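Written below as structure tokens is the structure these notes are about.
One-based numbering along the sequence shown. In this text the structure is predicted, and so the values were computed from the model without any measurement. Keep in mind that the numbers below use all heavy atoms, side chains included, and drop hydrogens, waters and symmetry copies.
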Amino acid sequence: MFAKIKTSVFIDTLQLQFLAPAGEWIRGVLRDDKGSVCRTMEKNILSDREELTWSGLNDLPYGQYTLELSRGDDEMRLKLVKRV
């Protein structure tokens, strides 16, 4: 597991902590409960422990989401809930 999320419930931002070697690229895809892509992001990791605040999620509808994170061939999925 190369990333941690502070909480699986969000309103307008996600707080992520990456545990990956410096210089690696992380790609994130946020999908709604139907599987549609809502947001994407790419991040170059600058240190072995780096935190990221993914903001601008306020306009997404309330409901369940899946965050897919990938680092090369390594992938992980996290279930999230957007609430009021």
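- With rounding to the nearest 0.5 angstrom, the NZ atom of Lys4 is 12.5 Å from the CG atom of Leu16.
- The pair Lys82-Asp32 does not count as a salt bridge, with every side-chain nitrogen at least 4.0 angstrom from each carboxylate oxygen.
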Step by step, work out the side chain to side chain contact (heavy atoms under 4.5 Å, CB included) result for Arg77 and Leu67.
-> CA-CA 6 Å; Arg77 291 177 187 218; Leu67 177 59; over 6 Å; no

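- In terms of heavy-atom proximity, Arg71 sits nearest to Leu19 at NH1-O, 4.0 Å.
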Dump the intermediate steps for side chain to side chain contact (heavy atoms under 4.5 Å, CB included) on Leu52 and Met41, then the final yes or no.
-> CA-CA 11 Å; Leu52 168 74; Met41 66 97 180; 3.7 Å; yes

Apply the test side chain to side chain contact (heavy atoms under 4.5 Å, CB included) to residues Thr7 and Gln15: give CA-CA distance (whole Å), side-chain angles for both, the deciding distance (0.1 Å), then the verdict.
-> CA-CA 8 Å; Thr7 178; Gln15 300 287 327; over 6 Å; no

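- Closest approach of Thr66 and Lys79 over heavy atoms only: OG1-NZ, 3.3 Å.
- In terms of heavy-atom proximity, Val37 sits nearest to Arg31 at CG2-NH1, 3.3 Å.
- At distances below 3.5 Å, not a single donor-acceptor pair connects side-chain atoms of Asp12 with backbone N or O atoms of Ser55.
- Heavy atoms only, all atoms of each residue included: Tyr65 and Leu60 are closest at OH-CB, 3.5 Å.
- With values rounded to the nearest 0.5 angstrom, Lys43 atom NZ is found 8.5 Å from Trp25 atom CH2.
- To the nearest 0.5 Å, atom CD of residue Glu24 and atom CZ of residue Phe2 are 9.0 Å apart.
- For Leu57 against Leu30, the heavy-atom pair with the smallest separation is CD2-CD2, 4.2 Å.
- Between Arg27 and Leu69 there is no side-chain heavy-atom pair separated by less than 4.5 Å.
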Dump the intermediate steps for side chain to side chain contact (heavy atoms under 4.5 Å, CB included) on Phe10 and Trp54, then the final yes or no.
-> CA-CA 11 Å; Phe10 70 100; Trp54 191 352; over 6 Å; no

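- Note: the hydrophobic cluster containing Met76 also contains Ile26 (ILVMFWY, side chain heavy atoms under 4.5 Å, direct or indirect links).
- Heavy-atom neighbours of Gln17 CD from other residues, nucleotides or ligands within 6.0 Å: above the threshold of 12.
- When hydrophobic clusters are built by joining Ile, Leu, Val, Met, Phe, Trp and Tyr residues whose side-chain heavy atoms come closer than 4.5 Å, directly or via intermediates, Val29 is not grouped with Ile45.
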